[in-house]
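Dropping the structure in here first, questions after.
In what follows, every chain begins at residue 1, and chains take the letters A, B, ... in the order their sequences are listed. Being a predicted model, the structure only gives us computed values, none of them experimental.
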Amino acid sequence: MSTITRRTRNSSATNGAANKEPDENSTDRDDGPTKSFTFDNVTFYATYQEMVTAKRQRNQAMLIQSGLLDAKAALDSTVAAQRAASAATARGIKRSKAAATGENLPRRKSSRLAGEAAPNIFVESESGGRIQTSGVDTAVEEAVLYEPQHYSGRVNDGSPLSMEQAVNNCGAKWVNDDGTTMDAANQFVETLGSVVREYRGAQRHASPTTVTHNMQKDLDALSLDDEANVAKVTPERIYSVECNPSPHCLIVCAGDKLGYLGIWNVDQDNTASQEASKRGKISTTDGVHLFKPHSGPISTLSWNESGSKLLSCSYDGTVRMLDVEKQVFQEVFATYNDEQIYKDKIGFGLDTGFNSWVQCMELDQRHGRDGDCFFLSTSEGHVLHIDTRAKGQVTLNQKLSEKKINTVSLHPNGFTMATAGLDTTVKLWDIRKMSGTSKKIPKTSIASQNAGKSINSAFFSPSGKRIVTTTMANTIDILEDAHLSSGLITKPKSRIRHDNITGRWLSTFMAKWRPSSSTFADECFVVGSMVHPRTIEIFSGASGKLLRGIQGDALTAVASRCCFHPNADKLVVVGGNSSGRVTVAR
DNA sequence: CTGGGCGTTAGTTGT
DNA sequence: ACAACTCCACGCCCAG
């Protein structure tokens, strides 16, 4: 291959060893007939163009000879066959037919949220983008016009968001226009509440979590073949997926690029729901319910231990908490700029403009597992610690990097923290040695490892013994006892070659540990993959070996963000893709 | 040393 | 079938 020379900028970048044949360069603009052109040291060509043509023919012949074209054709046809065989599932949320043809419609929330008694102003019908309303047109215009503009385009002024508001924020495009969506959402939240109560009750007479006796057997049993285990849960590309911890009921939530939160009751009895929908009771969303508590990508979702609260962290600079029992999205943290009107806010002065956003969240379990305290990392290299108990405060604001920090992870010992990000390193810190606000980057961390390329994620394993990192250098590294080492870590315990180049349209891969009920030797993690046919991969932490590549008809796209169910009796793995679809393997 | 520009990547939706 | 659209990723090159 090294003799193939192409002249585009990119090919010379990707094929650094490309031989530049000097005559090609030196005679680039000289087609004069007085010279002859040498190629392959054999043939003489009268003109430059003839030489180029010959070269192209040679290259073509080489491609055919190499079998690359055949291989590509074979791959293309298998991919095409897969595409044809499995069209995207229709299960889950649907685009409203009326809205599909038009641009974004004015939201109903305008008049509702403004608190105006504006009866009868509803979008009655839409066709071809034209909106017919009942009620007075000017009133609609005013309602839209005076819709309050919130800080940085956030969904509201930071006050608690009711379930109804969160549903209405979704806009007409994704809300079923049969008017039953709200009922369905209400009913669903009731269901969620009873799931939580049941789980709490079970926890009270707790027996130790079921221990998996034969990991490999459980892994082998995972299946991705049932189409009923796929649903469109969010409108846009998924940034985060998480399972409610209740083992009694499989409830999966996903957050997307635009701040939508979809919660899917996977085993909702669809026949019953369709019966009900015929009676006009609830809508047929296949157990999927859509809310919009944020205005930017939801980067992290985390349930508290009892499954009663869901924390969502977004690039929009806010962290919200869905309280299942109170049925409200409470804003527990938000960044603001340094205008004096915000001086009483917890996040005052933490938003420094366009290049500043909150990148990720990690719950701090040191003071109970209710989600009261958490760490945040920012696009500007800060790590924050927020304590929402009492009045709520920023208890740590430390700059740790010049570049974006993609993840923070706290060791179970409660003081070793791992950060990883665009500065191409994993760094370990002792948070006991940090306090308050510091803009100075500490000169030394306890230990660090340099991947050479950006690091998508670095997480401590449940035992704390290991760290798994996913890097843009196309590796997954497993470090062992990194929290006990110091200085530069030159060699990971094991290094897995893994294609992590997802490009700009897919969320980056982040290998995630199975959270519980695994022994130290059984620790394993899940990660998405670019492999054809589409696969969700599970690796052993101890050996770095691939334990299982889950494939099946139900997985038709790359699952960029994956997670395990924390404590279902049976092994459950969930993946979210770039079009908002969630796939459950079990 | 920084920032602009470009290329890569996969899947859905509209024509 | 095919083209358009996505564009809060990141690496690399290259100009200033």
Spacing of A/Ile405 atom CD1 relative to C/dA9 atom C1', expressed in whole Å: 17 Å
Expressed as a whole number of angstroms, how long is the span from A/Arg561:CZ to B/dG11:P?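 The answer, rounded to whole Å, is 15 Å.
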Does A/Ser529 use its side chain to pair, donor to acceptor, with the backbone of A/Val531 at less than 3.5 Å? yes
Once you round it to whole Å, what is the distance between C1' of B/dT9 and CG of A/Asn456? 14 Å
Using the six-membered ring wherever Trp is involved, compare the ring planes of A/Phe525 and A/Trp513 and label them parallel, tilted or perpendicular (cut-offs 30° and 60°). perpendicular
Restricting to salt bridge (Lys or Arg N to Asp or Glu O under 4.0 Å), what partner residues turn up for A/Lys399, sequence neighbours left out? none
At 4.0 Å (heavy atoms only), tell me whether A/Tyr239 reaches a base, stays on the sugar-phosphate, or touches nothing.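 Sugar-phosphate, no base atom in range.
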Whole-Å distance separating the CZ atom of A/Arg534 from the C1' atom of B/dA10: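 A/Arg534 atom CZ is separated from B/dA10 atom C1' by 7 Å.
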Scan A/Trp357 against the nucleic acid and name what it touches under 4.0 Å (heavy atoms): base, sugar-phosphate only, or nothing.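 Counting heavy atoms under 4.0 Å across all strands, no contact is made by A/Trp357.
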Quick check: on DNA chain C, is the nucleotide nearest A/Glu236 upstream (toward 5') of the one nearest A/Met472, or the reverse? Name the residue that is more 5'.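 Looking at DNA chain C, the more 5' nearest nucleotide goes with A/Glu236.
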Counting heavy atoms from C-beta on, name the nucleotide in C/dT6, B/dG11, C/dC8 closest to the side chain of A/Arg504.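 Between C/dT6, B/dG11, C/dC8, the one nearest the side chain of A/Arg504 would be C/dC8.
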Take A/Phe291 and A/Tyr260, measure what ring-ring contact (aromatic ring centres under 6.0 Å, His included) needs, and give me the verdict at the end. CA-CA 6 Å; A/Phe291 307 93; A/Tyr260 288 91; over 10 Å; no
Compare the minimum distances between each of C/dC8, B/dA10, C/dG11 and the side chain of A/Tyr315, then state the nucleotide with the smallest one. C/dC8
Please determine, for the side chain of A/Lys232, which listed nucleotide (C/dA9, B/dT13, B/dT9) has the closest atom?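 The closest nucleotide is B/dT13.
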Distance check: side-chain N/O of A/Ser579 vs OP1/OP2 of B/dT12, anything under 4.0 Å? yes
Taking the minimum atom-to-atom distance to the side chain of A/Trp505, which one of B/dG11, C/dT6, C/dC12 wins?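 Nearest to the side-chain atoms of A/Trp505, counting from C-beta on, is C/dT6.
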From the set C/dC12, C/dC10, C/dC8, return the single nucleotide nearest to any side-chain atom of A/Ser454.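 The listed nucleotide nearest to A/Ser454's side chain is C/dC10.
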Can you tell me how far P of B/dT8 sits from NZ of A/Lys453, to the nearest Å? 16 Å
Using OP1 and OP2 only, check whether a side-chain N or O of A/Arg581 sits under 4.0 Å from B/dT12.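 Yes, within the criterion.
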Interatomic distance, A/Gln359 CD vs C/dA9 P [rounded to whole Å]: 7 Å
For the side chain of A/Leu422, starting at C-beta, report the closest nucleotide among B/dG11, B/dA10, C/dC10.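 My answer, after comparing the listed nucleotides, is C/dC10.
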A/Ser578 side-chain proximity, nearest of C/dT6, B/dG11, C/dC8: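 Of the candidates, B/dG11 comes closest.
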If I take atom CG in residue A/Asn355 and atom P in nucleotide C/dC8, what distance separates them, rounded to the nearest angstrom? 12 Å
Phosphate-side-chain proximity, A/Arg237 and C/dA9, N/O vs OP1/OP2 below 4.0 Å: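 Yes, within the criterion.
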Evaluation steps, salt bridge (charged side-chain N to carboxylate O under 4.0 Å, His left out), between A/Asp477 and A/Arg495: CA-CA 5 Å; A/Asp477 282 0; A/Arg495 166 161 291 176; 2.8 Å; yes
Does A/Lys404 reach a base, just sugar-phosphate, or nothing at all? Heavy atoms under 4.0 Å.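 Sugar-phosphate contact only - A/Lys404 comes under 4.0 Å of backbone atoms but never of a base.
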